2 protein chains.
Amino acid sequence: MGKADYDLLWGEATRTGRGRPAGLSRERIVAEAVAIADAEGLQKVSMKHLAERLGSGVMSLYRHVPGKDELVVLMYDSLMAGPMPLPEAGDWREILRRWGLGVRDLFNAHPWALTVATSERPMGPGEAGWVDDVIGRLTAVGMPAELGLIAVLTVDCFALGAVRPEINSGSGETDFFQFLADPVISARYPNLARLAEPGTADADMGGYFEFGLERVLDGLERHIETHR
Amino acid sequence: MGKADYDLLWGEATRTGRGRPAGLSRERIVAEAVAIADAEGLQKVSMKHLAERLGSGVMSLYRHVPGKDELVVLMYDSLMAGPMPLPEAGDWREILRRWGLGVRDLFNAHPWALTVATSERPMGPGEAGWVDDVIGRLTAVGMPAELGLIAVLTVDCFALGAVRPEINSGSGETDFFQFLADPVISARYPNLARLAEPGTADADMGGYFEFGLERVLDGLERHIETHR
DNA sequence: GATCGATGCGTATGAGATACGCTAAATAGC
DNA sequence: GCTATTTAGCGTATCTCATACGCATCGATC
């Protein structure tokens, strides 16, 4: 992904007014693709299926989007088109907490987006807007911008990684430690087996996202205190 | 992914000795697929390409692997077939630091594995072994197993999220903040623009993985101190 | 040897992305 | 109005892939 993707996301549309007016639009295509992905999964987003939904021919889509891969990039960035919901007031910790929880909400609402997020992709206008916003908010409450950037990145990385188990268990994944049910196999993993004994390991893991997030914030807080 | 994947990963091979002996083996197929993915990317792992490399017919592969999706799951788990390299000695912090750095090394060595890791998948024997090992090590140095599990999960989540920018920049991605070069666009992101001014933002981000990891460990440390 | 049970694999099928080129519908200039 | 120009819509053909099916093959067992 190089120049092509850059132009795709950041290039301006130059419309002269001449020529047949467009019935389709990039926005409508991307929005419908997102709707399909939300409802049926990213795998069901095929050019054919998408065209049917839009009531158009398959090849018409290519007038507005270079190809499937690029469409997915656009779908992803469109999720961050609006402002990231951040609290009206609060210190840096509250802001970053909301960032983490907001990321979590985003990916729970659009599970397909997680694999997109972890694949190679350029930063688009939506994502840039979110990052710019949060850094502005953090500097406003006294956090240096350099620290703000790396702090957001840290929280973001954690949230990105931590949301996966949530998404997957939500989609009806079988018990995470299902294999421990077999005594022969279970014997091979004594430490895990011991953990599974008391109650369901899943149940114990219920609040791990919040737990981990607070630990990350604690760590940032200690850093700030130490380097004051 | 349900029962089928479970059996795939955890089921025993029952060979009676009767019948034509196998020239291919699941292990060889998976290993070759990993080699292709490492060298050319996961996208280049097609059944055709794989069969050519193995000197076999395409359909022969299906005698040993149910299908492409399942093959990818096997490829992923095979990365954790050996023991996770953990330090001989050290406190919980050192152990978890190594875990985080080990995860980072793993995904840098096998960039294709990151999208697999973030997709829906069951836990396999390899991964289970790693988790079991580290919990054993942590309990050995005095950390309760319950806390150990959630602590590993926290570090793991961070590492998983944080390794992505590394992988992508390593594969020749253009500048993360390339779009700031255009003054018109740059003006829309004042906070990012200000950050980009002094030096390359990328350069400043050099040690963000280590930074974030230490913050996560700090956070866990504070938790332990508080709940002693 | 005859049989059985597994493997190896060629062929056929169907889904999916997309290059190409023609048609249709607007505007701009006359 | 008429025509050239420009852009959108899209049918058809092609290429890549995964994979279902069925037959051939090969060793061990009886």
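Order of the sequence lines sets the chain letters (A, B, ...), proteins ahead of strands, with each chain counted from 1. Note that the structure is predicted; figures quoted are calculated from it, not measured.
In this structure, the nucleotide among D/dT25, D/dA8, C/dA17 sitting nearest to the side chain of A/Ser46 is C/dA17. Closest approach to the A/Tyr62 side chain among D/dA18, C/dT18, C/dC4 is made by C/dT18 (side chain taken as heavy atoms from C-beta onward). Residue B/Met59 places its side chain closer to C/dG10 than to any other of C/dG10, D/dA18, D/dC10. With D/dC10, C/dG5, D/dA8 as the candidates, the nucleotide lying closest to the side chain of B/Arg18 is C/dG5. Considering only the side chain of A/Arg20, D/dT7 comes nearest among D/dA24, D/dT7, C/dA17.
B/Arg164 has its side chain out of reach of B/Phe107: every pair of non-hydrogen atoms, C-beta onward, lies at least 4.5 Å apart.
Look at CG on A/Leu24: it is 16 Å from C1' on C/dA26, rounded to the nearest Å. Regarding A/Ile29, its CD1 atom lies at a distance of 11 Å from the P atom of D/dC10, rounded to whole Å. Here C/dC20 presents its C1' atom at 10 Å from CZ of A/Arg63, a figure rounded to the nearest Å. In this structure, the CG atom of B/Asp69 is 7 Å from the P atom of D/dT19, given to the nearest Å. Rounded to whole Å, atom C1' of D/dA8 lies 15 Å from atom CG of A/Leu54. Across the protein-nucleic acid pair, B/Lys68 atom NZ and D/dT19 atom P stand 8 Å apart, rounded to whole Å. One atom, CZ of B/Arg26, and another, P of C/dT7, lie 11 Å apart when rounded to the nearest Å. Taking atom CG of residue B/Leu61 and atom P of nucleotide C/dA6, one finds them 20 Å apart after rounding to whole Å.
The aromatic rings of B/Phe179 and A/Trp10 sit parallel to each other, their planes meeting at less than 30°, with 60° as the upper class boundary.
Contact check, B/Ser60 against C/dG8: no side-chain N or O comes under 4.0 Å of OP1 or OP2.
Classification of A/Arg53 and A/Glu40 as a salt-bridged pair holds, one side-chain N sitting under 4.0 Å from a carboxylate O. The pair B/Arg121-B/Glu70 does not meet the salt-bridge criterion, since no charged nitrogen lies less than 4.0 angstrom from a carboxylate oxygen. The existence of a salt bridge linking A/Glu52 and A/Lys48 is confirmed by a sub-4.0 Å separation between a basic side-chain nitrogen and an acidic carboxylate oxygen.
Where B/His64 and A/Gln43 meet DNA chain C, the nucleotide closest to each residue was compared, and B/His64 sits on the side nearer the 5' end.
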